[in-house]
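We name chains A, B, ... by the order of the sequence lines, and we start the count at 1 in each one.
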Amino acid sequence: MDTLGLLALSPPGWGGTLLVGLWASIRIAVGAFGLGLAIGLAGAYGKIYGGPVLRDCLAVYTTVVRALPELILILLLYFGLTDLVNKLMLASGYGRIQISGVTAGVLVLGVVQGAYATEVLRGAILAVPSGQIEAARAMGMPAGKIARRITIPTMLGLALPGLSNLWLIATKDTALLAIVGFNELTLATRQAAGTTKAFFTFFIAAGVIYLVISMLSTWGFARLEAWARRGDPPRTAGGG
Amino acid sequence: MKDTAQANPAPRPEAIRVEALRKSFGPHEVLKGVSITAREGDVVTLIGGSGSGKSTLLRCVNFLETPSSGRIVIGGEEVRCRPDGTPADRRQIERIRQSLGMVFQSFNLWTHKTVLENLIEVPVHVLGLPKDEAVGRARKLLDRVGLKEKESAYPAFLSGGQQQRAAIARALCMQPRAMLFDEPTSALDPELVGEVLAVIRSLADEGRTMLLVTHEMKFAREVSDHVVYLYNGVIEEEGPPERLFGAPQSARLKQFLKSVS
């Protein structure tokens, strides 16, 4: 079969299989990034404003997760977590449950992303000039509204370069889920390549897909950052 | 001076009352039992050298700083505090802050919002005013402070004087009972001071209650009903501006006035 035939969307071409894998990868990346953002925001606020116990717990979380190789974390969390959930289910009198690959992938990668996001967002929140928050307090804004309407929008421009990195890592980390047999883009590519022996064709194709995702993401994040920084003063050359 | 005792025999109600206020930062006591009262329509000006406690006093009035002890009464309502001095009722503090328009030395306009968005933020999103009503109110105020053309500009694109005028309009947009000015012209280039003082003067002329911390002695003399000179956390001397500036009694105030003139 020629290259185009191999990549055709319907069998005997493998293009459709790759796209199914791509769709799974994107769903997991979006879910994990979103979960990571939620954990990160809560973690950042906890680290800044929380009590000593909460701060210590969060320090353990961010330290451990950022110290271990992601592959180990994925194996640990994937098998460990499902095992733990099932032990709890059995102990409380329920039957074993099957955690879907997407759910497990989102949870596992989300926990990893959350640790990095905590630090990115903590840095950005601390970089918000205190006068911005003080003005809101002085006008009687409740704390929750200050966070939503003042602090978070102000820190977004500072956080987005870091968050953009995290998103790209999320898209690529989905490939690590191949190790636990989850059928995302990389595993689909390996199946296609293994079956047809056209290794070069399929891995190049997968590489191009990851590259396109990355380029589209970079463009999207640049737009988002320009919007978030709409109130920034004009910059002169050399930062002067 | 807007009215005298003879013209208005019944005393006007108290807008801001501070009683025996003390504030420490760690071991350092910045305010050592200060009492001031501003009746409605009063312009009370706090003067004093750096470290005298005048800004801290102003910031204690709306609890941006938590007093160590003492009483704060705003419009007849006493702020309830726990034994350690922290406010007992968060909602009460928020409500009182909404009734006091604060203007900062460094403007503190929200950088990600346009001038108009800065003005309507709290009226719409905290006080629940309908948006078109808030926008109408905001535009009138921007016109008044001479920033009609700048409503869609982001603060970073305005001069310091324009930013401070916008910040004053933002505070007014909440229709506060009183205004608090914390060195409103100290961060401005000299040529921009006049335009901000003109706005503050117009507010004084229309009978607004305000507490003003400033280094502009000539201005303080012109607009104030009452001037308080703080030295090292206590009131060294206070009185009507003609007496305080024209015939100061204490050696420290004489020294201070000589050093700033």
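In terms of heavy-atom proximity, B:Gln98 sits nearest to A:Gly140 at NE2-O, 3.0 Å. Of all heavy-atom pairs between B:Ala156 and A:Gly231, the closest is CB-O, 3.4 Å.
Interface remark: of the candidates B:Arg59, B:Arg97, B:Arg91, B:Met102, B:Arg97 forms the most heavy-atom pairs closer than 4.5 Å to chain A. Counting heavy-atom pairs closer than 4.5 Å to chain A, the top-ranked of the candidates B:Ile96, B:Leu64, B:Val122, B:Leu109 is B:Leu64.
The line from NE2 of B:His112 to CZ of A:Arg230 is 6.5 Å long, rounded to the nearest 0.5 Å. Note that NE2 of B:His125 and CZ of A:Arg149 are 3.5 Å apart. Values are rounded to the nearest 0.5 Å.
When the shell of 6.0 Å around CZ of B:Phe25 is examined, it contains more than 12 heavy atoms from other residues, nucleotides or ligands. More than 12 heavy atoms of other shown residues, nucleotides or ligands fall within 6.0 angstrom of atom NZ in B:Lys113.
Contacts between B:Thr111 and chain A at a heavy-atom distance below 4.5 Å involve backbone atoms as well as side-chain atoms. Heavy atoms closer than 4.5 Å to chain A are found in the backbone of B:Leu100, but not in its side chain. In this structure, chain A has heavy atoms under 4.5 Å from both the backbone and the side chain of B:Arg170. At a 4.5 Å heavy-atom cutoff, B:Phe107 makes no contact with chain A through either its backbone or its side chain. Proximity to chain B (any heavy atom under 4.5 Å) is shown, for A:Arg229, by neither the backbone nor the side chain.
Interface residues of residues 104-138 of chain A toward chain B, defined by a heavy-atom distance below 4.5 Å and sorted by number: A:Gly131, A:Gln132, A:Glu134, A:Ala135, A:Ala136, A:Arg137, A:Ala138.
The side-chain heavy atoms of B:Val126 and A:Met139, taken from C-beta on, include no pair separated by under 4.5 Å.
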